[in-house]
Protein chains: 2
Amino acid sequence: MPSPTAKPNAKLKILDAALSVIRAKGYSATTVDELCATAGVTKGAFFHHFKSKDELGVAAAEHWSETTGAKFAAAPYHDHADPLDRLLAYVAFRKALLQGGVPEFTCLIGTLVQETYETVPTIREACDRSISGHAETLEADIEAAMRGRGLSSEWTAKSLALHIQAVLQGAFILAKAKGGAEIAADSIDHLTRYLEQLFRPAKS
Amino acid sequence: MPSPTAKPNAKLKILDAALSVIRAKGYSATTVDELCATAGVTKGAFFHHFKSKDELGVAAAEHWSETTGAKFAAAPYHDHADPLDRLLAYVAFRKALLQGGVPEFTCLIGTLVQETYETVPTIREACDRSISGHAETLEADIEAAMRGRGLSSEWTAKSLALHIQAVLQGAFILAKAKGGAEIAADSIDHLTRYLEQLFRPAKS
DNA sequence: TGCTGGATACCGACTGGTTGGTATGGTGTC
DNA sequence: GACACCATACCAACCAGTCGGTATCCAGCA
């Protein structure tokens, strides 16, 4: 809001460093010094832009929401005409994102909230906004798919959108435990199977 | 192995304290001093029983596996005659466990592995053993249910057992983000629906 | 029965390095 | 010359881990 006049280069570099370092080492184990070293700035710059480490945590969650939000908004899965096809293409897109090392494809928000949900309320709230906001981008398509197939159900579009996020977060945890993306991909396949069965119930 | 003669009281108290403190604050944010204070022992006792904090992390993961393993082994969901009923009762049991505060029903292993998967290999491996070992207790029932219904499928019993764990772990993350168990329960309901559709495909 | 010696369990003051955060000063720009 | 931006030096608190010491038990032995 305070006008993006000059190029706040250091701030952006710190935020970008936070995304990668926190995902690899966790929030508590990430030190301000290391963040500064990775970003190539000094501590003075850090505390000029962020009042505290916790405030950086909130800003990092918001920065994550913005960058990934833009990434998903520009993704090709929106091109399908049918809402169910869009939803399935979204999940396939998430699966296709499982590339590179584990710290590169896992989610900052899941890592962040695990460590801070009890101790830093502001970060917990930022993580909630991030997950819920992202899930909401799926709700319209889910509702349209439900209407299109005349599904009146015990579950809501919102709960399904959040369930999809839960499966993804859980898949990341398994990938971290096993040190590879394979089981995460398997889990996403199960999710896809669930969605297809939900919306295309009878065999033929 | 060194014979359980005396009562190693302090060690057990430290491990029990670790289960609750780490789940609430995370691994890195948990200090040895706080662990000792919670357990009511001194630092000397801590480092008498554990060479380092990381070694305690491994021991805590193993202690978690043992205590929860015993809990699940004694749970009533095994009583059903049909393997699919057992599997569904297991999931229902997991849902019923969502009682009390978030730190009380969430999983130590998920918290631990998130923070240490890149930095402490021994803890990551202990978490892998814990999750995989628990998932294996479901495989026999899944396989029996597959055979009983003549399902030859693209997925394996092992991948489904791990997918169930993924959903649970993801549900815990959502619960942490939202500060309550409700969405976790919703997600488990979606999982139940998936299992029923998988094993009882045609409507009628 | 009493003595000895070693092993295990535990205590708590201490240490050296690290941490988040501050104080202060410099530099470019309007 | 005010202000945003950044650099450097510094600090008090805190951290994991150490170390010398004590308490208790038990085996062996006279």
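Given the structure is predicted, the values throughout are model-derived calculations rather than measurements. Letters A, B, ... mirror the listed sequences (proteins, then strands); counts begin at 1.
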Which one, [options], comes nearest to the side chain of [X]?
{"X": "A/Asp33", "options": "C/dC11, D/dC6, C/dT19", "result": "C/dT19"}
{"X": "A/Lys53", "options": "C/dC10, C/dG20, D/dC5", "result": "C/dG20"}
{"X": "A/Ser52", "options": "C/dG20, C/dC10, C/dG21", "result": "C/dG21"}
{"X": "A/Val41", "options": "C/dG21, C/dC11, D/dA7", "result": "D/dA7"}
{"X": "B/Asn9", "options": "C/dG20, C/dC10, D/dC6", "result": "C/dC10"}

Quick one: [X] [atom1] to [N] [atom2], roughly how many Å, whole number?
{"X": "A/Lys25", "N": "C/dT18", "atom1": "NZ", "atom2": "P", "result": "12 Å"}
{"X": "A/Phe46", "N": "D/dC5", "atom1": "CZ", "atom2": "P", "result": "16 Å"}
{"X": "B/Phe47", "N": "C/dC14", "atom1": "CZ", "atom2": "P", "result": "18 Å"}
{"X": "B/Phe50", "N": "D/dT18", "atom1": "CZ", "atom2": "C1'", "result": "18 Å"}
{"X": "A/Leu35", "N": "C/dT18", "atom1": "CG", "atom2": "P", "result": "18 Å"}
{"X": "A/Lys11", "N": "D/dC5", "atom1": "NZ", "atom2": "P", "result": "9 Å"}

Quiz item: On DNA chain C, nearest-nucleotide positions of A/Gly44 versus A/Thr31: which is more 5'?
Solution: A/Thr31
Quiz item: Taking it one step at a time, do A/Phe72 and A/His78 satisfy ring pair (Phe, Tyr, Trp, His ring centres under 6.0 Å)?
Solution: CA-CA 9 Å; A/Phe72 284 108; A/His78 297 285; 8.7 Å; no
Quiz item: Taking side chain as C-beta onward, heavy atoms only, is A/Trp155 less than 4.5 Å from A/Ile142?
Solution: yes
Self-check item: Side-chain touch B/Leu162/A/Asp186, heavy atoms, less than 4.5 angstrom
Solution: no
Exercise. Name the nucleic acid region contacted by A/Thr30, choosing base, sugar-phosphate or nothing; use a 4.0 angstrom heavy-atom cut-off, strictly under.
Key: sugar-phosphate
Exercise. Considering only NZ, NE, NH1 and NH2 on the basic side and carboxylate oxygens on the acidic side, decide whether A/Arg23 and A/Asp16 come within less than 4.0 Å.
Key: no
Exercise. Answer with yes or no whether the side chains of A/Ser65 and A/His134 bring together a donor and an acceptor at under 3.5 Å.
Key: no
Report yes if a side-chain nitrogen or oxygen of [X] is closer than 4.0 Å to either non-bridging phosphate oxygen (OP1 or OP2) of [N]; otherwise report no.
{"X": "B/His48", "N": "C/dT8", "result": "no"}
{"X": "B/Lys43", "N": "C/dG12", "result": "no"}
{"X": "B/His49", "N": "C/dT8", "result": "no"}

